[in-house]
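Report on the structure given below.
It should be emphasised that the depicted structure is a prediction, and the values quoted were computed from it without experimental measurement. So that the names make sense, note that chain A is the first sequence line, chain B the second, and so on, each numbered from 1.
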Amino acid sequence: MKVVAGHSWDLSPGEAVRVQRTLAARVTLTDDAGPVRYISGVDVAAGSRFRPDRPARAAVVTVRWPELTPVEQVVMNVEIRFPYIPGLLSFREIPALLPVLERMRYRPDLLIVDGQGIAHPRRLGLAAHLGVLLDVPAIGCAKSRLIGTLQGDLGDVRGAAMPLQDGGECVGYALRTRTGVRPVYVSPGHRVSRESAVTWVMSLAVRYRLPQPTHLAHQAAAGRHVAPVT
DNA sequence: GCGACAG
DNA sequence: ATCTTGTCGC
């Protein structure tokens, strides 16, 4: 798929924050995705700091909706330069994902990202940043919380959800995708509403805690064999 | 100054 | 994130 980086990725933390403030204004929270046929999950497996020789690996797995059968998988060894800094994750992972995204033959109708959407200090988490950059509907589904607070206790039954609030606004939801298992943190990334983001993640998390596209991308990035791509 | 902190 | 198989618990 075509990818147009509107700026350099060789930035200082301070410059990255500036970019986020600018791009955050482009995020849309309106559901305008047309008929959804293909959904892609992306993930990056960082190289071990104990083995700098081993490269990091970026992966994208596209599945057909609603069967959730893989139709395409792209995995590449990549080099990561930007360090992990809470709040600036996208500047570390997006450069690694670009070459993988460019090799995709399918244009996803929806992107599921392993990270936050607008549940971010400047409302531009990895999912929102990717969504705006690619102009594709995107949803952030993180395994842990970056910002925001929950009112009370989240029920422990699959489907339980509770607003994640920050600065007086709802930036997403804590969502229990599996009974008795830690919740995930769902927030819209781009061109998706808060409610739809939750509905999509529930519909996609049919087997594991994480949505199938994300789970498959994670496996692929980890170098494990995944279900045959048809 | 102190605590929090996606992957 | 990463080091890693079996094992304890509901």
If you count the non-hydrogen atoms of other residues, nucleotides and ligands that lie under 6.0 Å from CZ in Arg107(A), is the total more than 12?
-> yes
What's the closest nucleotide to the Arg145(A) side chain, out of dT2(C), dG7(B), dA4(B)?
-> dA4(B)
Whole angstrom is fine here: how far is it from CD1 in Ile94(A) over to P in dG7(B)?
-> 15 Å
d(CG, Leu126(A); P, dA1(C)) in whole Å = 13 Å
With a non-hydrogen cut-off below 4.0 angstrom, is Leu88(A) in contact with a base, only sugar-phosphate, or nothing?
-> base
Applying the side chain to side chain donor-acceptor pair (under 3.5 Å) test to Ser193(A), which of Asp31(A), Thr30(A), Thr199(A), Thr28(A) qualifies?
-> Asp31(A)
Roughly how many Å is it from NE2 in His218(A) to P in dG7(B), rounded to a whole number?
-> 9 Å
Minimum-distance nucleotide (side-chain atoms of Arg92(A) versus dA6(B), dA1(C), dG7(B)) = dG7(B)
Between P of dA6(B) and CG of Leu124(A), the distance in whole Å | 16 Å
dA6(B) P sits how many Å from Arg123(A) CZ, rounded?
-> 16 Å
Counting only side-chain N and O atoms of Lys143(A), is one of them less than 4.0 Å from OP1 or OP2 of dA6(B)?
-> no
Leu89(A) CG to dG7(B) P: how many Å, rounded?
-> 8 Å
Atom CZ of Phe82(A) and atom P of dA6(B) are separated, to the nearest Å, by 15 Å
Under 3.5 Å, is there a donor-acceptor pair between the side chain of Arg224(A) and the main chain of Gln219(A)?
-> no
Quick one: which of Asp114(A), Val61(A), Leu204(A), Leu111(A) gives a side chain to side chain contact (heavy atoms under 4.5 Å, CB included) with Pro213(A)?
-> Leu204(A)
Side chain of Tyr84(A) (C-beta onward), nearest among dA4(B), dA1(C), dG7(B) = dG7(B)
Whole-Å distance separating the CG atom of Leu164(A) from the P atom of dC5(B) | 12 Å
Ser144(A) side-chain N/O to dG7(B) phosphate OP1/OP2 under 4.0 Å | yes
Check every strand shown and say whether Gly87(A) touches a base, only sugar-phosphate, or nothing at a heavy-atom separation below 4.0 Å.
-> base
Touch check for Ala56(A), heavy atoms < 4.0 angstrom, all strands: base, sugar-phosphate only, or nothing?
-> nothing
Given the rule in the ring-ring contact (aromatic ring centres under 6.0 Å, His included) test, do Tyr38(A) and Trp65(A) qualify, once you have shown the distances and angles that lead to the verdict?
-> CA-CA 6 Å; Tyr38(A) 302 106; Trp65(A) 172 260; over 10 Å; no
